[in-house]
Chemist: 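One structure, as structure tokens, below. Some questions next.
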Amino acid sequence: MRLLLVEDDSALVADLVPELRRAGYAVDLASDGREARFLGENESYDLIVLDLGLPLMNGLTVLAEWRADGNRVPVLILTARDSWREKVDGLKAGADDYLTKPFHCEELLARLQALLRRSHGKVVAELRAEGLTLDEEHQQILPDAGQPVPLTGTEFRLLRYFMMNPGKLLSKTRLTEHVYEQDFDRDSNLIEVYVRRLREKIGKQRIETRRGQGYVFKG
Ligand code: CA
């Protein structure tokens, strides 16, 4: 996935770039509006993170011009704190999402992944947890070291849901709702069976049982 980061705050850039690279993005940088406009027009990106307060040409103008040219790349804008008007103007100009400064890098990454998922329809982004990647196209686990581990359809859906919700307490009922087709006989006890099988494939410690409450996936 290739991402254009448009930001003139070099300290923020220095913080974000390694995090974005770690999350699997190839990152291009632009530090002013004109450069951003040019790169967005001439390169193909999967995602753009666009600060609105930029030298030479402001981010809103850049965005409006991309959209006027028919560029549909998903754009997340970075807005100043307490500026609701920037958010409104940005969304009207064609932004897909926004994040208010200051923000946690985790939130940016999560929003970018969500944007990617929406924009790619069925061709979804990579889901990662420490030490492994979920290969969604082939429904298998790709450990950082070692051979791919195939998953059955249900194991795959369950793991994907866990990986999309790391650190959250997920009840058996909720897992059942998200893992099975609508008209499937929803026996939530089956979840226990599938959790056990997943643990055999990804390690017992990754899915913690909270007795009487559900499970927590350790991302
Ligand atoms: Ca700025």
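Both ligands and their constituent atoms are indexed starting at 1 by order of listing.
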Chemist: Distance check below 3.0 Å: does Gly53 bring an N, O or S atom to the Ca ion (ligand 1)?
Modeler: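 Checking the Ca ion (ligand 1) against Gly53, an N, O or S atom does fall under 3.0 Å.
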Chemist: Quick check: does Asp9 have an N/O/S atom under 3.0 Å of the Ca ion (ligand 1)?
Modeler: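 Asp9 does not place any N, O or S atom closer than 3.0 Å to the Ca ion (ligand 1).
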Chemist: Are there over 12 heavy-atom neighbours, none belonging to Gln205, within less than 6.0 Å of that residue's CD?
Modeler: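 Yes, the 6.0 Å shell around CD holds more than 12 heavy atoms from other groups.
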Chemist: Just wondering, more than 12 heavy atoms not from Lys204 lying within 6.0 Å of its NZ?
Modeler: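 Not more than 12 within 6.0 Å, no.
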Chemist: Can you name the N/O/S atom of Asp51 that is nearest the Ca ion (ligand 1)?
Modeler: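 This residue's closest N, O or S atom turns out to be OD2.
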Chemist: Answer yes or no as to whether an N/O/S atom of Glu7 is found below 3.0 Å from the Ca ion (ligand 1).
Modeler: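 So Glu7 does not bind the Ca ion (ligand 1) by this criterion.
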Chemist: We want to know whether Arg111 and Tyr98 form a side-chain donor-acceptor pair, criterion being a heavy-atom distance below 3.5 angstrom.
Modeler: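 Absent: no donor and acceptor within the cut-off.
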Chemist: Closest to the Ca ion (ligand 1), which N/O/S atom of Asp8 is it?
Modeler: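 Restricting Asp8 to its N, O and S atoms, the minimum distance to the Ca ion (ligand 1) goes to OD1.
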Chemist: So, does Glu86 use its side chain to make a donor-acceptor pair with the main chain of Ala80 at under 3.5 Å?
Modeler: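 Such a contact is found between Glu86 side chain and Ala80 backbone.
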Chemist: Whether the Arg199 and Thr209 side chains hold a donor-acceptor pair (N or O, under 3.5 Å, no angle test) is what I'd like checked.
Modeler: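 On atom types as modelled, these side chains qualify, holding a pair under 3.5 Å.
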